[in-house]
Amino acid sequence: MDESITKSTDVIPDASDLRDAYNLELRSADGKPVRLGELILDKGDHITSIIVFVRHFFCAYDQDYVRSVCHHLSESVLKTLPHTDAPIQLIIIGCGNPSLIVPYVAETGTAFPVYSDPSGRLYKRLHMRRTVQNIMRPPSYTKISFWKSMRIAMKQMMKQGKNAFKGGKWGQNGGEWVFKGRKCEYAHRMEHVSDHLTAEELLKILECREGRGSVDCDKQFEE
């Protein structure tokens, strides 16, 4: 995968990778398996799905990111986007043990469903990167310093006892994906630890996909 790929030109997986990805299993909070395709394809062609892949469950940067996304893309906002009368769902996927989903939901306050890919196979199939580059540079979607983020992570890990080291690989990064029907319309893979799309950027992309179409949206973000 070309490490120079930017937010506006990230490569959408080919049909083979997407087919394999749809068949890979995630885990719900109770440990039950669910295929990615069940969450996207089985909902029908009229559904737009926003999939946010986060870093490990103890990453304080990403916890702040999830809070920001939930605030700016709340269910009420998604229901009232212009140019669309079709349902929009947002799903969060992490890479840690599914037993940590419940405390993650409690910590972030998210009302959106959270699943886990503890094997990391889905992250790998969608070519998401592994790096700790920029870990000491806080992203725009958090107000905490690197050292405070580490203290928060350590405190949360200690509370989880035997699951302290099951939050996921620290170098695994995620990204933001938009699916409509059976088609992946947008893909952004984090290039480093602090590289999620902001909630505002994600909302703009969603408005473009729902309103003017993919070509106009791509032009907007390349300018």
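Everything numeric here is computed off the predicted structure, so don't read it as measured data.
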Heavy-atom side-chain proximity of [X] to [Y] below 4.5 angstrom:
X: Met157; Y: Asn163; value: no
X: Tyr186; Y: Trp177; value: no
X: Ile93; Y: Val54; value: no
X: Arg137; Y: Phe146; value: no
X: Leu81; Y: Leu203; value: yes
X: His56; Y: Gln172; value: no
X: Glu176; Y: His196; value: yes
X: Ser99; Y: Ile101; value: no

Joint cluster assignment, [X] & [Y], ILVMFWY side-chain distance < 4.5 Å:
X: Val193; Y: Met136; answer: yes
X: Ile135; Y: Phe165; answer: yes
X: Ile47; Y: Tyr115; answer: no
X: Val77; Y: Tyr141; answer: yes
X: Met158; Y: Trp170; answer: no

### Message
Could you work out, with salt bridge (Lys or Arg N to Asp or Glu O under 4.0 Å) as the rule, every residue matching Arg27, not counting sequence neighbours?
### Response
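Arg27 satisfies salt bridge (Lys or Arg N to Asp or Glu O under 4.0 Å) with Glu25 once adjacent residues are dropped.
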Distance-only side-chain donor-acceptor flag, [X] / [Y], under 3.5 Å:
X: Gln63; Y: Thr108; answer: no
X: His127; Y: Asp17; answer: yes
X: Asn173; Y: His192; answer: no

Mind listing the closest non-hydrogen atom pair of [X] and [Y] along with its distance?
X: Pro98; Y: Ser28; value: CB-O, 3.3 Å
X: Gly174; Y: Arg55; value: N-CG, 4.5 Å
X: Val132; Y: Gly171; value: CG1-CA, 3.8 Å
X: Thr110; Y: Cys70; value: OG1-SG, 3.1 Å

### Test log, rule side chain to side chain contact (heavy atoms under 4.5 Å, CB included), inputs His188 and Asp195
CA-CA 9 Å; His188 166 242; Asp195 191 42; 3.3 Å; yes
### Task
With sequence neighbours left out, write down each residue that passes side-chain contact (heavy atoms from CB on, under 4.5 Å) with Ala199, or none if nothing qualifies.
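For Ala199 the side-chain contact (heavy atoms from CB on, under 4.5 Å) partners, ignoring immediate neighbours, are Ser68, Val69, His72, Leu73.
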### Task
Starting from the C-alpha separation in whole Å, work towards a yes-or-no answer on salt bridge (Lys or Arg N to Asp or Glu O under 4.0 Å) for Glu207 and Lys204.
CA-CA 5 Å; Glu207 288 174 339; Lys204 288 179 181 178; over 6 Å; no
#### Entry: Derivation and outcome, side chain to side chain contact (heavy atoms under 4.5 Å, CB included), residues Leu39 and Ser49
CA-CA 9 Å; Leu39 302 177; Ser49 300; over 6 Å; no
#### Entry: ring-ring contact (aromatic ring centres under 6.0 Å, His included) contacts in which one or both residues fall within residues 87-112, not counting sequence neighbours
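Every pair satisfying ring-ring contact (aromatic ring centres under 6.0 Å, His included) with a residue in residues 87-112: Phe57-Tyr104.
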### Task
Determine, step by step, whether Thr48 and Val178 satisfy the side chain to side chain contact (heavy atoms under 4.5 Å, CB included) criterion, reporting the C-alpha distance in whole Å, the side-chain angles of both residues, the deciding distance to 0.1 Å, and the verdict.
CA-CA 7 Å; Thr48 294; Val178 178; 4.0 Å; yes
### Query
Between Arg35 and Leu26, is a side chain to side chain contact (heavy atoms under 4.5 Å, CB included) present by the stated rule, with each step listed?
CA-CA 6 Å; Arg35 291 183 301 104; Leu26 301 168; over 6 Å; no
